[in-house]
Structure formats: C-alpha cells, structure tokens
Amino acid sequence: MEETILKILKEERGADWRDETRKSIKTKERTQMSRVKMPEADPERRSHSYEEVNQGLTEEQALAEARRCIDCPEPTCVSGCPVGIHIPKFIKHIERGEFLDAAVALKETNTLPAVCGRVCPQELQCEANCFYTIKLKKPAVAIGYLERFAADYERNSGKTAIPEITAKRSEKIAVIGSGPAGLACAADLVKEGYDVTVFEALHELGGVLKYGIPNFRLPNEIVETEIRNLEKMGIKFKTNFIFGRTVTFDDMRKEGYKAFFVGSGAGLPNFMNIPGENFNGIYSCNEYLTRVNLMSAAHEDFDTPVRFGKNIAVIGGGNTAMDAVRTARRLGAERSMIIYRRSEDQMPARVEEIKHAKEEGVEFMLLTSPLEYFADENGFVKQMKLQKMELGEPDASGRRRPQPIEGSEYMVDTDMVIVSVGVSPNPLIPAVLPDLEATKWGTIVVDKETMQSSIEDVFAGGDIVRGGATVILAMGDGRAAAAGIHKYIQEKVAAN
Ligand code: FAD
Ligand code: SF4
C-alpha cells in the first residue's frame, strides 16, 4: 500500500519531490517547532455536562502544526494508518491554507475523517510511525488533530464535497450493520455504482459510534452528518431490521440481492462470572452506555432510567471502561473508580481518554481485581471484595500476567458497578447460517484479502471478524470487502 501511495505522491509532485511548500521553511526550523496542544473544556465544568472535551484546533494552531510536517520522501506515518491516508498530502494542503482540499484528500481513503480524527488510537498507528517519533524521539506531528480540523472545517463550511456517482450497476447488495465497517463498505460499493441498502437492527444508525462512544467524545450530530452524506451518495438505510430474523438470507437472495456484507459487530458483553455479579445495580458496559446514549435512560423522569450511583466502580481498562466511568461521573457519581487488574501502561484505552478521566476526578485502582459483590436487603449491590494483584511472567499477549496476592483482599463500598471486561461477536448471523465457518469464539472466518467467507456471496469484516477492535480497522475491513464483493460480482457477470 505504501508503495502505491509513494508512486502517486511522486507523480503528483514531480520526481525531485521538493515542492514550493517544502522549500519555504527549512527542515531544521520545522523540527524545532513544538507540537500543538489541543484546547480542552475545563475538567470541573465538563464532568457535569456532555460538552465535547476536545474543542478542536483553531486555524492558526492547525497552520502551525502542519508546518512541523517535514513532508518525508518516504512517509512512514502512512504505513501506520490502516486505511493508508495520504498523510503528507492532506497536511501540506493545510499548510497552504487549502483546508477544503485537505478534506478531499482525506476522503480519498477514509469515509469518516471527522470520526477517526477523534477516536483513532493515533499514538499506536500513524503517529507511532511518524518521523518525529521514530528518528527524532520528539512528539509526533498531531496527525489526528489535523485530520479532525480538516474534516470539521469542511462540515462547518457547508461545502462538503459529495462524490458524483457516474457508474450505474443493476446488482443489489445488502450491508448488515451500520457501524464503521458497514458504512465504509457501503460507501465504496455505491461509488462503484451498485444498488446498496444498509440494514440496521437498532432504531439509530452508526453502530458503536452512536450507541457506545458518548457525545462528550464524539458528538452524535457528527456521525449523523456523515450518514446523511452517504445517503446523498445513494445508499439506502433501513432501521429496526434484524437481518436473519426480520428476513432470511434466502428471502433476500430471492429479492435479487447478489452479495451480503456482514458488519454486525461484537456487541455481546463478557462477564467475570464471580459471586454476586447478578445483583441489581450491576450492569454490562454495553447495556449501560446504550441505554444512556440511545434510549433516554439518563433522565430520572424517564420510565426506565439507569441507576444514578453515587459510589460507582467500573471494572476494566479499555475505551469502553473509560466511557462508562466518565458517563457515570456526568450522571452524578461522587466517587468513580476504575478497577483494573493490570498496570496503567498495559491499559488498552487511548492515552488521551485515561488522561481526561483522571482530570475529571476518576480514581484508578490498578493491579486490583474484584472477587465478590454483596447486596443490601433489596438485592442492590452495596459492597465489593477486591484483591491486589502483581505482575508475573508474560502471557500469550506478551504482557506480564497479573497474579493475585494472597491475603490482600479488602472491602470497598459501592452502589453501582459496570462490568467492562471485553465483548464477544454478535451470535445471530453465524447461528442462522449453518454453512458459515466461524471460530470457537464466534468470529466469522474470512479470506484476509477479499473478506469472503465460506459462503461465496457472504463477506464480513470489523468486530464480527476480529472480535472487539477499532473503528479504523473495521473501516479498513469494510473497504477490503467492498473490493472483494466488486471482484466477485464482476467475475460472475463475466462468466454468464
Ligand atoms: P459496530 O460498530 O458494533 O456496528 C455493528 C452494527 O450492526 C450495530 O449497529 C448492530 O446493531 C448491527 N447489527 C448487529 N446484528 C445485526 C443484524 N442481525 N441485523 C442488522 N443489524 C445488526 N474504537 C476506536 O478506534 N477508538 C475508540 O475510542 C473506541 N471507543 C469505543 C468505546 C466503546 C464504548 C465501544 C463499545 C467500542 C469502542 N471502540 C473504539 C471500538 C470500535 O467502536 C469498534 O471496534 C467498531 O465500532 C467496530 O465496528 P463494526 O462496524 O464492526 O461494528
Ligand atoms: Fe491516523 Fe487514524 Fe487518521 Fe489513519 S485514520 S491517519 S490512523 S488518525
């Protein structure tokens, strides 16, 4: 992928590679500039509201940050991005003040830059591979912040470029699930001219982008705008439609659908199966966030509100755990605790989310694990028994395995617990397709290049293939599957 991008960049810029922008400031000067700081909402104020925490770069900040990019002849950052965004190209557009062109460059490979600029773990992807990180040992160019800046600029300008679809093909394709995998797949297929319908089980579109990630991190209206833009490109959406229950695959084949993309995600919560986990006031992370984000359960006068715990504990150390604990804080928790059995540097959550949670007063109880919950006379959780852990030898993941310290148990009061210890794939689609090859964990087995499953007209990607992963990996899968579906259909057409 990197080779192709390099070829494109060389063709665009000429063989000597040095365009006017690059010559305008000396490389040494660029590398001496400091990384921009993202303006953030005040921690005390924001921990009582849903205002977005990161407020976005100003134009001056974006221009200054774009100048730090030295436009490497071989941009290693590109290889760190799962969808291969032309990173130097979009950043140099920003440096020249061509903000709309920057957004267009981003959208060549990424359908949802406003989303990815906000939620991608850049420190592990593009920014981890930036020249500054690798060679200079300095803070990377803020690629994610700049990506968000360009995408927001385009949206706020009201001049969003909707690609004109010139191709027209008769074949109908069904996309199952409207998360990032489904949306990315549908976007590429509609650009090829196919008749694409996205079927979504919930009443809202967007998958985890809407039901999981809270507004203070990713405002719903941003996801909604992106979806409306996809609609303008010709994608059809059907909500409250459970594929495999509302209809079967055979029903849809009879209706003329020629291929299926399964992007049904991993929404099945895991539990620890410890005593007392069924007491009232103990939620799975998915239930808690979905009810708050999509079902008005954050309002006390609503028929079925969630519990408004004052002394809450979230078990886990991923993005989901951070989102849950910070949501509970916003809903009135006075003491909010993260209980994680490993150390902080082993936490899977984005570094920024950990920092923000700490600023908002969340307590981190690291190397600690719950053993048992205790309830009051009405069956509501009131206490938990915790145990201290220490790190032992590395496990299969390469991380040092946490081991219990005998005799270190202690009790802590709590009136609400949210369990966030991972998710499993949604089981419905594998259950209704007996010929579909799946792993023992319930993920669908696909060809890594085309994303084709063991059933020739069924393709899959995102969390249903990877287990819980990331937004951008799901989108990369969706795009690979769109290419796989196009190839599959064209080969069928050629054979007939
Ligand atoms: P999903 O987003 O889960 O979408 C699947 C959709 O399919 C859902 O809308 C579901 O309702 C629908 N569906 C399921 N079955 C059917 C059916 N039978 N018929 C019709 N529709 C169906 N990743 C990051 O990169 N950065 C983050 O900061 C981050 N934070 C996260 C926070 C939370 C709370 C959670 C839960 C996840 C987070 N992730 C994050 C992970 C990321 O969101 C997922 O990896 C990604 O959304 C997976 O995309 P997907 O399209 O495969 O599935
Ligand atoms: Fe980095 Fe994510 Fe943007 Fe790719 S999509 S450049 S990984 S922030």
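By convention here, the first residue in the shown sequence is residue 1. The shown structure was predicted, so the numbers you read here are calculated from the model rather than taken from an experiment. Numbering of ligands and ligand atoms starts at 1, following listing order.
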On the six-membered ring of Y145, is R35 placed so that its NZ or CZ lies under 6.0 angstrom from the centre and within 45° of the ring axis? yes
Considering non-hydrogen atoms of the protein only, which is the closest contact for atom 28 (O) of ligand 1, and what is the distance? R217 NH1, 2.8 Å
Side-chain contact, heavy-atom cut-off 4.5 Å: T470 with Q125? yes
Considering heavy atoms of the protein only, find what lies nearest to atom 32 (C) of ligand 1 and give residue, atom and distance to 0.1 Å. D323 OD2, 3.2 Å
Tell me whether K358 forms a cation-pi arrangement with F364, defined as NZ or CZ under 6.0 Å from the six-membered ring centre and within 45 degrees of its axis. yes
Go through ligand 1 atom by atom and flag the ones less than 4.0 Å from a non-hydrogen atom of L289. 34 (C)
Considering only protein heavy atoms, which is closest to atom 9 (O) of ligand 1, and at what distance to one decimal place? E200 OE1, 2.7 Å
Does NZ or CZ of R326 lie under 6.0 Å from the centre of the six-membered ring of F216, at an angle within 45° of the ring axis? no
Quiz item: cation-pi between R307 and Y283, 6.0 Å / 45°: no
Please list, in number order, the atoms of ligand 1 under 4.0 Å from a heavy atom of D463. 44 (C), 45 (O), 46 (C), 48 (C), 52 (O)
Does any N/O atom on L428 come nearer than 3.5 Å to any N/O atom on ligand 1? no
Picking from K355, R330, H48, what satisfies side chain to side chain donor-acceptor pair (under 3.5 Å) with E360? R330
Look only at interatomic distance and state if V119 has a nitrogen or oxygen under 3.5 Å from any nitrogen or oxygen of ligand 1. yes
for atom 39 (N) of ligand 1, nearest protein heavy atom and its distance come out as A469 O, 4.3 Å
The atoms of ligand 1 lying under 4.0 Å from a heavy atom of I176, numbered in the order shown, are 17 (C), 19 (N), 20 (C)
G263: numbered ligand 1 atoms lying under 4.0 Å from its heavy atoms: 5 (C), 6 (C), 7 (O)
Just say parallel, tilted or perpendicular for the rings of F243 and F260, cut-offs at 30° and 60°. perpendicular
Interatomic distance, I315 atom CD1 to T368 atom OG1 [nearest 0.5 angstrom]: 10.0 Å
Heavy-atom proximity to atom 46 (C) of ligand 1 ranks first, among A201, P180, G179, for P180
Please write down residue, atom name and distance for the protein heavy atom closest to atom 7 (O) of ligand 1. G177 CA, 3.2 Å
Do any N/O atoms on I464 end up under 3.5 angstrom from N/O atoms on ligand 1? no
To the nearest 0.5 Å, atom CG of D415 lies from atom CD1 of I282 at 11.0 Å
Tell me the contacting part of F243 for ligand 1: side chain, backbone, both, or neither, using a 4.0 Å heavy-atom threshold, strictly below. both
Under 4.0 Å, counting heavy atoms only: does G468 come that close to any atom of ligand 1? no
Which of the atoms in ligand 1, numbered in the order shown and given with their element, are less than 4.0 Å from a heavy-atom of F241? 19 (N), 20 (C)
Within a distance under 4.0 Å of any heavy atom of R350, pick out the atoms of ligand 1 and give their elements. 28 (O)
Number the atoms of ligand 1 from 1 as they appear, then name those within less than 4.0 Å of a heavy atom of A181, with their elements. 51 (O), 52 (O)
Nearest to atom 33 (C) of ligand 1, what protein heavy atom do you find, and at what distance? T320 OG1, 3.6 Å
Could you tell me whether a side-chain N or O of N286 sits under 3.5 Å from a main-chain N or O of P269, the two making a donor and an acceptor? no
Closest to atom 15 (N) of ligand 1 among protein heavy atoms sits S264 CB, 3.4 Å
Does D477 approach ligand 1 within less than 4.0 angstrom via side chain, backbone, both or neither, non-hydrogen atoms only? neither
For Y257, does the six-membered ring have the charged nitrogen or CZ of K172 within the cation-pi criterion, i.e. under 6.0 angstrom from the centroid and within 45° of the normal? yes
Taking only non-hydrogen atoms of G462 and a 4.0 Å limit, the atoms of ligand 1 in range are 52 (O)
Non-hydrogen atom of E353 closer than 4.0 Å to ligand 1: no
For atom 43 (O) of ligand 1, what is the nearest protein heavy atom, given as residue, atom name and distance? V208 CG1, 3.1 Å
Do Q122 and R350 have side-chain heavy atoms sitting under 4.5 Å apart? yes
Hey, does the side chain of N426 reach the backbone of S264 with a donor-acceptor pair shorter than 3.5 angstrom? yes
Answer yes or no: is there a donor N or O on one side and an acceptor on the other, between the side chain of E200 and the main chain of L202, under 3.5 Å? yes
